[in-house]
Amino acid sequence: MDVHITLSGRGDLAAQVYRQLLEAVLDGRLRSGERLPPTRELARRLEISRNTVAVAYDRLVADGFLVGRAGAGTFVSAEPVRGRAAPRGVVLPRALWRSMPPAATPMSPARYDFRAGVPDPRLFPMETWRRLVARELRVSAITPGYGDPAGHEGLREAIARHVGVSRSVRAGAEDVLITNGAQQALDLVGRVLIEPGACVAVEEPGYPPARLLFRSLGARVVGVPVDGEGIDVSAIPNGVRLVYVTPSHQFPLGTPMSLARRTALLAWAERRRAVVIEDDYDSEFRFGERPLEPLQSLDRAGRVVYVGSFSKTLLPALRLGFLVAPASLGAALRAAKQLTDWHGSLPTQAALARFIDEGLLARHIRKATREYAARHALISAALERDERLRPVPSVAGLHLCARLSPGVSVRPAPGLAVERLDAYCEEPPALSGLVLGYGAIRQPDIPTGLRLLQKSILDG
């Protein structure tokens, strides 16, 4: 072995020997199949205990870098070093989970990225956020032990004030529960309300993760058609006790639910003694008139659970969302949250509370809205000029939808990421279409990206 080992005399000597031998294996100074000196000999050279060298060798053998051969010595492994895998096993998940689609692999960013629901991280005030988080990570700011399952009290108060002003939601801090994004909010509501075999209604087309989540909780999920006014209340089947809707900016079509349809849905919930989950996922970004009041603010019977998220207004990576529930569900939801993950990251929640209280969230939303409005206008104007694409009216959010003329199809194009409407449908839609997001694409890239999209559209 022609490898020089230098010991500092401080710290764990076995760890130093291990690290230097490992570096020699990885950089090729110790080649596959090469024999290492016996532990006694190397210990004599280094003037350290033989046991110290033996510990380093044993660790390298356990990690797969060395192999011991009885009566022959210790050698560098001749096999490529790979991470150790768990046993393949014979245990299978329940049948329901075997039928679930595999978890989506994160897509690599495309040059012209029109994926829906992705905000622009370049608009996020990262330096300000870093300062706020650092302030909450000081030892003096950390409370010992676990926190309230409902989340940081200051953040619950800040959210109640914010949604009360911006969205007319009726809530106090005690009505707010902090979640790891909107998806966990849906999971908690489902855990508390859905009995095995219960019938749950969702919009069609709609948000696939919600549909799959309710199905995973043992529900029988039915799609209810959406038209220009929102979900068709008259088409909700008998026996439904929970309905999930996106009334402010229907996902993925983008149309708002009319006041008449909102009133009809609330009346239906009252008659059927049902619960409505209102997902208000991206209505903070509005480019036109003031939105209609949320269902929660119109609800007088306490049958609406309002779900919000900061994944669109800030960043998905923060995993921060919330729900506002009737008081009758509060204790059960807190218990479900505690059993699920106890609570989220309290320093992050405290930082967001300051972010809201200092007016930084409102400032960020104003700035982002101006930018997204410009991108929305660019895409809308281009779609209006192409007779093969019929945009669905939309004045909010991070995406818009366009119907394709009959007989028209779209082929994949290198560097272009765009989603098809049928990806959001349980049943094949009557008309095909595209869902175009504008959060992930820079404004200067939109014209070129749209030209590439138009070239990929094939007529009959």
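Just so it is clear, the structure is predicted and the values come from calculations on it, not from any experiment.
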Within 6.0 Å of CZ in R220, more than 12 heavy atoms from elsewhere: no
Side chains of V324 and V305 in contact at under 4.5 Å (non-hydrogen atoms): no
Short N-O contact, E419 and R115, less than 4.0 angstrom: no
Within 6.0 angstrom of R273 CZ, more than 12 heavy atoms from elsewhere: no
Donor-acceptor side-chain pairing of E157 and H152 below 3.5 angstrom: no
Side-chain donor-acceptor contact under 3.5 Å, D280 with S248: yes
Under 3.5 Å: donor-acceptor pair, side chain of R262, backbone of P247: yes
Sub-4.5 Å side-chain heavy-atom contact between Y306 and L323: no
Side-chain donor or acceptor of R390 paired with backbone N/O of A402 under 3.5 Å: no
Salt bridge (Lys or Arg N to Asp or Glu O under 4.0 Å) between D175 and R170, worked out: CA-CA 9 Å; D175 304 311; R170 296 179 294 124; over 6 Å; no
L453 side chain near L416 side chain, heavy-atom distance below 4.5 Å: yes
Pair listing, side-chain hydrogen bond (donor to acceptor under 3.5 Å, both in side chains) test, anchored in residues 319-328, at least two apart: S311-R319
Short side-chain donor-acceptor distance under 3.5 Å, Q184 and T179: no
D227 side chain vs E229 backbone, donor-acceptor pair below 3.5 Å: yes
Ring centers of F251, Y281 separated by less than 6.0 Å: yes
Exercise: do S258 and R261 side chains pair donor with acceptor under 3.5 Å: no
Name of the residue among L60, V55, D12 meeting side-chain contact (heavy atoms from CB on, under 4.5 Å) with Y18: L60
Working for side chain to side chain donor-acceptor pair (under 3.5 Å), residues R366 and T369: CA-CA 5 Å; R366 288 194 298 270; T369 298; over 6 Å; no
CZ/R363: more than 12 non-hydrogen atoms of other groups inside 6.0 Å: no
Distance-minimising heavy-atom pair for S297 and E293: OG-CB, 3.2 Å
Check: S283/R167 side-chain N/O donor and acceptor closer than 3.5 Å: yes
Nearest atoms (heavy-atom pairs only) where R388 meets Q454: NH2-O, 3.2 Å
Sidechain N-carboxylate O distance under 4.0 Å for D341, K337: yes
Ring centres under 6.0 angstrom apart (H399, F114): no
Main-chain N/O of E204 paired to E426 side chain as donor or acceptor, under 3.5 Å: no
Sidechain-backbone polar pair: S168 side chain, G164 backbone, donor-acceptor under 3.5 Å: no
Salt bridge (Lys or Arg N to Asp or Glu O under 4.0 Å) evaluation trace for R375 with E371: CA-CA 7 Å; R375 299 181 193 183; E371 175 62 28; 2.8 Å; yes
Ion pair check, R156 and D148, cut-off under 4.0 Å: yes
Heavy-atom pair of closest approach, residues V410 and R420: O-NH1, 3.7 Å
Distance-only side-chain donor-acceptor flag, T246 / E203, under 3.5 Å: yes
Any donor-acceptor N/O pair, E195 side chain to A198 backbone, under 3.5 Å: no
Test item: L346 and T143 side chains (from C-beta on) under 4.5 Å apart, heavy atoms: no
Side chains of D279 and Y244, donor plus acceptor under 3.5 Å: yes
Any side-chain heavy-atom pair of V435 and V418 under 4.5 Å: no
Closest non-hydrogen atom pair, G397 against F287: O-CZ, 3.4 Å
Heavy-atom pair with the smallest gap, counting every atom of V304 and P326: O-CD, 3.5 Å
Pair T313, H364: side-chain N/O donor-acceptor within cut-off below 3.5 Å: no
Pairwise side-chain contact, L329 with L193, heavy-atom cut-off 4.5 Å (strictly under): yes
Sub-4.5 Å side-chain heavy-atom contact between R215 and L212: yes
Any donor-acceptor N/O pair, R135 side chain to A351 backbone, under 3.5 Å: no
Heavy-atom check, side chain of L383 versus side chain of L400, under 4.5 Å: yes
Residues K312, E284: salt bridge by 4.0 Å N-O rule: no
Approximate separation, where rounding is to 0.5 Å, of L295 CG and I277 CD1: 12.0 Å
Any donor-acceptor N/O pair, Q183 side chain to P209 backbone, under 3.5 Å: yes
Salt bridge flag under 4.0 Å for residues R442 and D445: yes
Carboxylate-amine/guanidinium contact R130 E136, below 4.0 Å: no
Residues that F322 engages under ring pair (Phe, Tyr, Trp, His ring centres under 6.0 Å), provided they are two or more places apart: F310
